[in-house]
Enquirer: 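Take this structure, written in structure tokens, and hold onto it; I'll ask about it next.
For the numbers below, each heavy atom of this structure counts, side chains included, while hydrogens, waters and symmetry mates do not. We count residues from 1, following the sequence as given.
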Amino acid sequence: MTETRASGRSTTRRLAEVAKKVGVSEATVSRVLNGKPGVSEATRAAVLTALDVLGYERPTQLRGERARLVGLVLPELGNPIFPALAEVVGGALAQRGFTPVLCTRTAGGLSEADYIEMLLEQQVSGVVFAGGHYAEADAPHDHYHRLLEVRLPVVLVNAATEGLGFPCVSTDDEVAVEQAFGHLVSLGHERIGMVLGPEDHVPSRRKLAAFLSEARRVGLPVEPEAVERTLFSLEGGQAVTTRLVRRGVTGIICASDVLALGAVRAVRRLGRSVPEDVSVVGFDDSAFMNCTHPPLTTVRQPIEAIGRTAVTLLVNQIDGATVTAEELLFEPELVVRGSTGPVRARMPA
């Protein structure tokens with residue numbers, strides 16, 4: 001986040017720093033700050049953005065305008081899918097003349113609500129959320145309603161709880177599960193389990209509904225013990241997969257690649273092999289999943305298309321265009337690698 005620097009810095013130094021940042025003369029910066037004519041709109045916008053990025057307060061007469069800053073709020077950077085999304089969104093924003101402000105939640109750090117207050121103080125032009133509290137039915141949502149009240153342009157990435165009314169771009173969870181489930185069935189698996197996120201996590205709810213629907217469609221029984229929920233972490237995936245394997249599951253669909261890596265570790269620590277004894281399917285196709293041992297079969301999220309569409313929807317709102325709040329669904333792609341294989345005779349638990 002940008003920080004407001006001491007107000008005692010000299011005007012000369014401020015002009016020099018802003019001019020260097022934008023690549024214009026100090027005289028041009030001075031004309032912008034004093035509201036003088038003779039400066040293009042693009043240069044004027046660049047000077048104001050540089051002020052915001054460098055942490056300087058705008059002159060009083062310019063404070064009512066929103067900065068060409070856009071907040072990008074992520075839950076973490078440990079899961080490779082989020083840095084990948086940040087790269088796409090950040091690049092697309094830069095092409096449109098906006099500067100992304102990355103806000104990442106950390107344990108014991110700032111909350112989403114805290115970040116929103118800071119972004120509003122910086123007079124950002126809009127916010128893109130990914131993997132936030134909007135996808136958790138039981139999480140606090142007051143800060144989203146605040147954004148609705150102030151009419152700040154917002155776009156959500158992946159499924160949200162009902163009633164927020166923001167534009168949303170999502171990977172189609174139903175299609176993702178259909179692809180993964182169909183792949184395991186084609187390999188002869190009949191005892192298929194699933195590892196999901198917490199119960200209030202909306203994308204996980206969608207994946208579960210699709211999982212049960214697919215099982216009914218092909219006539220496979222699904223016992224309650226075949227579905228496990230946990231936090232999105234390698235350790236969580238390992239813990240619940242241990243239980244699934246001991247119950248005789250031979251194929252496991254995971255709600256993220258990180259969970260899938262935990263599942264692979266669990267299978268190995270039980271003295272079994274992937275995919276010879278248990279097949280594992282992930283979700284995301286995040287970085288380096290083709291470099292794991294074995295390479296991970298996973299359902300690829302179309303991050304490039306999702307990120308660029310999110311930016312287009314946001315910029316359209318900033319420009320005053322009407323944008324539908326209807327969710328846009330993007331079709332994923334099954335990527336078959338080495339972590340899935342034909343089912344073989346089940347070993348005793």
Side-chain angles (χ1 to χ4, degrees), residues 78-81 171 173 175-198 201 203-204 206-208 210-212 214-215 218 220 222-223 225-301 332-349:
N79 184 335
I81 200 66
T171 299
D173 291 305
V175 172
V177 173
E178 288 174 359
Q179 292 176 348
F181 197 95
H183 174 59
L184 291 176
V185 169
S186 73
L187 294 172
H189 293 273
E190 296 182 351
R191 296 180 64 83
I192 300 173
M194 193 161 207
V195 177
L196 299 168
H201 184 241
S204 291
R206 292 183 175 186
K207 289 181 175 69
L208 176 58
F211 178 74
L212 297 175
E214 283 298 291
V218 300
L220 290 181
V222 176
E223 301 173 357
E225 292 79 11
V227 177
E228 289 282 356
R229 296 182 178 278
T230 185
L231 298 176
F232 282 98
S233 66
L234 190 148
E235 293 78 13
Q238 178 182 345
V240 298
T241 296
T242 299
R243 295 198 290 267
L244 290 176
V245 174
R246 285 173 174 166
R247 293 169 188 156
V249 167
T250 65
I252 300 174
I253 301 171
C254 299
S256 78
D257 288 342
V258 173
L259 290 174
L261 294 179
V264 171
R265 178 193 283 181
V267 173
R268 287 178 174 160
R269 295 206 174 171
L270 288 170
R272 306 181 189 184
S273 299
V274 175
E276 289 79 9
D277 300 310
V278 180
S279 288
V280 176
V281 182
F283 177 79
D284 284 336
D285 194 30
S286 45
F288 307 119
M289 291 305 104
N290 61 333
C291 301
T292 60
H293 182 69
L296 186 67
T297 294
T298 186
V299 180
R300 176 182 294 158
Q301 289 203 68
E333 175 188 0
L334 178 69
V335 182
V336 178
R337 298 193 182 106
S339 66
T340 52
V343 69
R344 72 178 188 181
R346 188 160 52 93
M347 295 178 65

Enquirer: Where is the tightest heavy-atom contact between Ser279 and Gly341, given as atom of each residue plus distance?
Expert: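 Closest heavy-atom pair between Ser279 and Gly341: OG-N, 2.9 Å.
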Enquirer: Sort and list the pairs that fulfil ring pair (Phe, Tyr, Trp, His ring centres under 6.0 Å) and have at least one residue in residues 231-255, not counting sequence neighbours.
Expert: His201-Phe232
Enquirer: Answer yes or no: is there a donor N or O on one side and an acceptor on the other, between the side chain of Arg191 and the main chain of Gly248, under 3.5 Å?
Expert: yes
Enquirer: Say you draw a straight line from CD1 of Ile192 to CG of Leu244; how long is it, rounded to the nearest 0.5 Å?
Expert: 12.0 Å
Enquirer: Measuring from atom CG of Leu270 to atom CG of Asp277, what distance do you get when rounded to the nearest 0.5 angstrom?
Expert: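 Those atoms lie 10.0 Å apart.
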Enquirer: When you compare the side chain of Val264 with that of Thr292, does any pair of heavy atoms fall below 4.5 Å?
Expert: no
Enquirer: Decide yes or no for Arg337 and Met289: does some side-chain heavy atom of the first lie under 4.5 Å from some side-chain heavy atom of the second?
Expert: yes
Enquirer: Are any side-chain N or O atoms of Thr171 and backbone N or O atoms of Asp173, one a donor and one an acceptor, separated by less than 3.5 Å?
Expert: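 Judged by distance alone, no pair lies under 3.5 Å.
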Enquirer: Without placing hydrogens or testing angles, list every side-chain donor-acceptor pair under 3.5 Å for residues 178-186, not counting sequence neighbours.
Expert:
residue	atom	partner	partner atom	Å
Gln179	OE1	Leu334	N	3.2
Gln179	NE2	Pro332	O	3.2
His183	NE2	Thr340	OG1	2.8
Ser186	OG	His183	O	2.6

Enquirer: Met194 and Val177: side-chain contact (heavy atoms from CB on, under 4.5 Å), yes or no, with the steps?
Expert: CA-CA 10 Å; Met194 193 161 207; Val177 173; 3.7 Å; yes
Enquirer: With sequence neighbours left out, which residue pairs that include part of residues 230-239 fulfil the side chain to side chain donor-acceptor pair (under 3.5 Å) condition?
Expert: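 Only Gln238-Arg265 qualify under side chain to side chain donor-acceptor pair (under 3.5 Å).
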Enquirer: Can you tell me how far apart CG (Asn290) and OG1 (Thr298) are? Round to the nearest 0.5 Å.
Expert: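 One finds 11.0 Å between CG of Asn290 and OG1 of Thr298.
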Enquirer: Main chain of Ser286, side chain of Asp257: is a donor-acceptor contact present, judged purely on distance under 3.5 Å?
Expert: yes
Enquirer: Please report the shortest heavy-atom distance between Ala255 and Ser204, naming the atom on each side.
Expert: CB-OG, 4.5 Å
Enquirer: Can you confirm whether Leu259 sits close enough to Phe283 that some side-chain heavy atom of one is under 4.5 Å from a side-chain heavy atom of the other?
Expert: no
Enquirer: To the nearest 0.5 Å, tell me how far Ile253 CD1 sits from Leu196 CG.
Expert: 9.5 Å
Enquirer: Would you compute the distance between atom CG of Asp285 and atom CD1 of Ile81 and round it to the nearest 0.5 angstrom?
Expert: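 It is 7.5 Å, given to the nearest 0.5 Å.
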Enquirer: Flag the pair Leu296 / Val280 as yes when at least one side-chain heavy-atom distance between them is below 4.5 Å, and no otherwise.
Expert: yes
Enquirer: Using modelled atom types only, decide if a donor and an acceptor are shared between the side chain of Ser339 and the backbone of Pro294 within a distance under 3.5 Å.
Expert: no
Enquirer: Quick one: does any side-chain atom of Thr250 pair with a main-chain N or O of His189 as donor and acceptor, under 3.5 Å?
Expert: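 Judged by distance alone, no pair lies under 3.5 Å.
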Enquirer: Would you confirm whether Arg247, through its side chain, and Glu225, through its main-chain N or O, come within 3.5 Å as a donor-acceptor pair?
Expert: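 Yes: the side chain of Arg247 pairs with the backbone of Glu225.
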Enquirer: Out of curiosity, Arg243 CZ to Glu228 CD, how far, rounded to the nearest 0.5 Å?
Expert: 4.0 Å
